[in-house]
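First the structure, in the form of structure tokens, and then the observations on it.
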Amino acid sequence: MSRETFAKRLNSAMSLRHMKQIDVVRAAQKQGLKLGKSHISQYVSGKTVPRVDTLRFLAATLNVNDQWLHGDDVPMERTDSSDVTGQAAQSSVSDEPTVASAASSAPTQTLPTLHTTPSTTIPEGRPMRRFTKSTKLDNVLYDVRGPVVDEAARMEATGTHVLKLNIGNPAPFGFRTPDEVIYDMAHQLPDCEGYSASKGLFSARKAIMQYSQLKNLPNVSIDDIYTGNGVSELINLSMSALLDNGDEVLIPSPDYPLWTACVNLAGGTAVHYLCDEQSEWYPDIDDMRSKITDKTKAIVVINPNNPTGALYPKEVLQQIVDLAREHQLMIFSDEIYDRLVMDGLQHTSIASLAPDLFCVTFSGLSKSHMIAGYRVGWMVLSGNKNVAKDYIEGINMLTNMRICSNVPAQSIVQTALGGHQSVNDYIVPGGRIYEQREYIYNALNSIPGVTAVKPKAAFYIFPKLDVKKFNISDDEQFALDLLHDERILITRGGGFNWHEPDHFRIVYLPRIEVLKDATAKLTDFLSYYRQ
Ligand SMILES: Cc1ncc(COP(=O)(O)O)c(C=O)c1O
């Protein structure tokens, strides 16, 4: 089925039946179907097409013919024969398997009779074979680069300038990589032509080991350090090596969504614990405790946090350690923003508080050294490695399979981690990140109907919208409306696995003049916006 035709027909059926995306999501919930807002919006924007059971559900919900929705040349009206399998009973979605269960039970996603229509038939008359994406991706979402971003790209392609406050990529906003890093990489490039050892270059891992010592990570040797093509690769690798189907991992809500995506992709279940806006966005320990089951294997901590900018104090980290100890859980700590801490505060690595537990700590140079494009990050195993011998074997296997991470980028880890840290100039009064944080925090809080907790670290702020005032029930619609009206691109809270439509994330990397323009436009937009 053509994505464009499907999207066009879905949009027209939704508009005919006066249904918004959220209404379809609710209808799915009532049927016990696992169909999220992001799925629907991807269908509506023509980004993907649904699986066959989801298509049948949509057709039944919108009271249109399955085949018509599929893009075939038939009337829109639903008839008894609308059911494409010819089994009348299955035209009722309540008889359909859930999307999740279909993922495991349906070996094929083809619609046999649909594929015999003229528009999808190859000349010889044989049904045309279609290639669909893996069902493993059914529960994988990554909205930071999702449908709203696609719409922004479409607008840009037609010549519209869009102000992007959606991606934490320092370089395009004028944050310079330290000269020494560039010089050293250029100098070493001729020596970086071959593969390195799969865990990484000795010099890079030695420097990371010394950095780990400074952060008081216990029981770390050079063999416990793995470089990766960014932290991203290692998040994926560490979850793939760990999870069997159904294993649960506790992940913050809001989160950096790659964690949830990688847990789900590995066959695990991401179980979200709340972070509490009333308490500086710290993890809600009671909620975390209540989510632990006998399937829980690990707790993920993102500190400093993306998207909230929170920095967790020792006492909070200690409570997480106590909980992990009580339930024998592993701790994964994403600390990629650990050098971007403001207000004279100190970052504590949670692993330093847990010498008796097995911890994996992640960091890299994308943010602190403004070289997100070079792709280099690392993970460090620490504490009680005895309990994780088999898991470490799995990690080593996957590390060997990807051969090694980008060698030129590894070659400058030692340079980057030693000596003067230019990032320190950005995070003190007078520095760009500090001053931009001050500006955005004050500006957002002065908009009627918007409140925001002051970030202590990183370069994100996660403001709250008064949903009653603005009548907001769909945060993706909010993001799209803001994009269309003001040409500002933000990321909706739902993109960070936040459960209410009442937040969005701003990346405050642009200079203050640009942020001024953005907040003036946002103020104007919110003065009239009602969803
Ligand atoms: C919390 C967090 N972890 C990991 C990453 C990915 O970093 P890398 O560039 O090292 O892959 C990001 C990127 O934005 C992030 O915000």
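Atoms within each ligand, like the ligands themselves, are counted from 1 in listed order. Numbers for residues simply follow the sequence, beginning at 1.
Remark: ligand 1 atoms within the under-4.0 Å shell around heavy atoms of Arg375 are 8 (P), 9 (O), 11 (O). Each of the atoms 8 (P), 9 (O), 10 (O) of ligand 1 lies under 4.0 Å from some heavy atom of Ser366. Of all the atoms in ligand 1, the ones that sit under 4.0 Å from a non-hydrogen atom of Tyr256 are 1 (C), 2 (C), 3 (N), 4 (C), 5 (C), 6 (C), 12 (C), 13 (C), 14 (O), 15 (C), 16 (O). The ligand atoms of ligand 1 that sit less than 4.0 angstrom from a heavy atom of Lys367 are 13 (C), 14 (O). Of all atoms in ligand 1, listed by their number and element, those nearer than 4.0 Å to a heavy atom of Tyr337 are 1 (C), 13 (C), 14 (O), 15 (C), 16 (O). The Gly230 neighbourhood of ligand 1 comprises atoms 8 (P), 10 (O), 11 (O), with distances under 4.0 Å to a heavy atom of that residue. Listed by number with element, the atoms of ligand 1 under 4.0 Å from a non-hydrogen atom of Ile302 are 1 (C).
At a 3.5 angstrom cut-off on N or O pairs, Asn229 does not count as close to ligand 1.
Taking the six-membered ring for Trp, Tyr434 and Tyr426 have ring centres at least 6.0 Å apart. Aromatic pair Trp378/Tyr226: centroids not less than 6.0 angstrom apart. You'll find the ring centres of Phe362 and Trp259 inside the 6.0 Å limit.
Here the heavy atom of the protein found nearest to atom 7 (O) of ligand 1 is Ile336 CD1, 3.3 Å. Annotation: atom 8 (P) of ligand 1 to nearest protein heavy atom, Val231 N, 3.4 Å. For atom 3 (N) of ligand 1, the nearest protein heavy atom (residue, atom name, distance) is Asp334 OD2, 2.6 Å.
Side-chain contact check for Thr361 and Glu335: no donor-acceptor pair (N or O, by modelled atom type) lies under 3.5 Å. With 3.5 Å as the limit, one finds a donor-acceptor pair spanning the side chains of Asp255 and Thr260.
Salt bridge status for Arg487 with Glu156: absent, with no side-chain N to carboxylate O gap under 4.0 Å.
Residues Pro254 and Thr308 share a closest heavy-atom pair of CG-CG2, 3.6 Å.
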| request: Tell me, with the steps shown, if Tyr460 and Tyr508 meet ring pair (Phe, Tyr, Trp, His ring centres under 6.0 Å). | output: CA-CA 6 Å; Tyr460 309 104; Tyr508 59 82; 7.7 Å; no

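At least one heavy atom of Ser232 sits closer than 4.0 Å to an atom of ligand 1.
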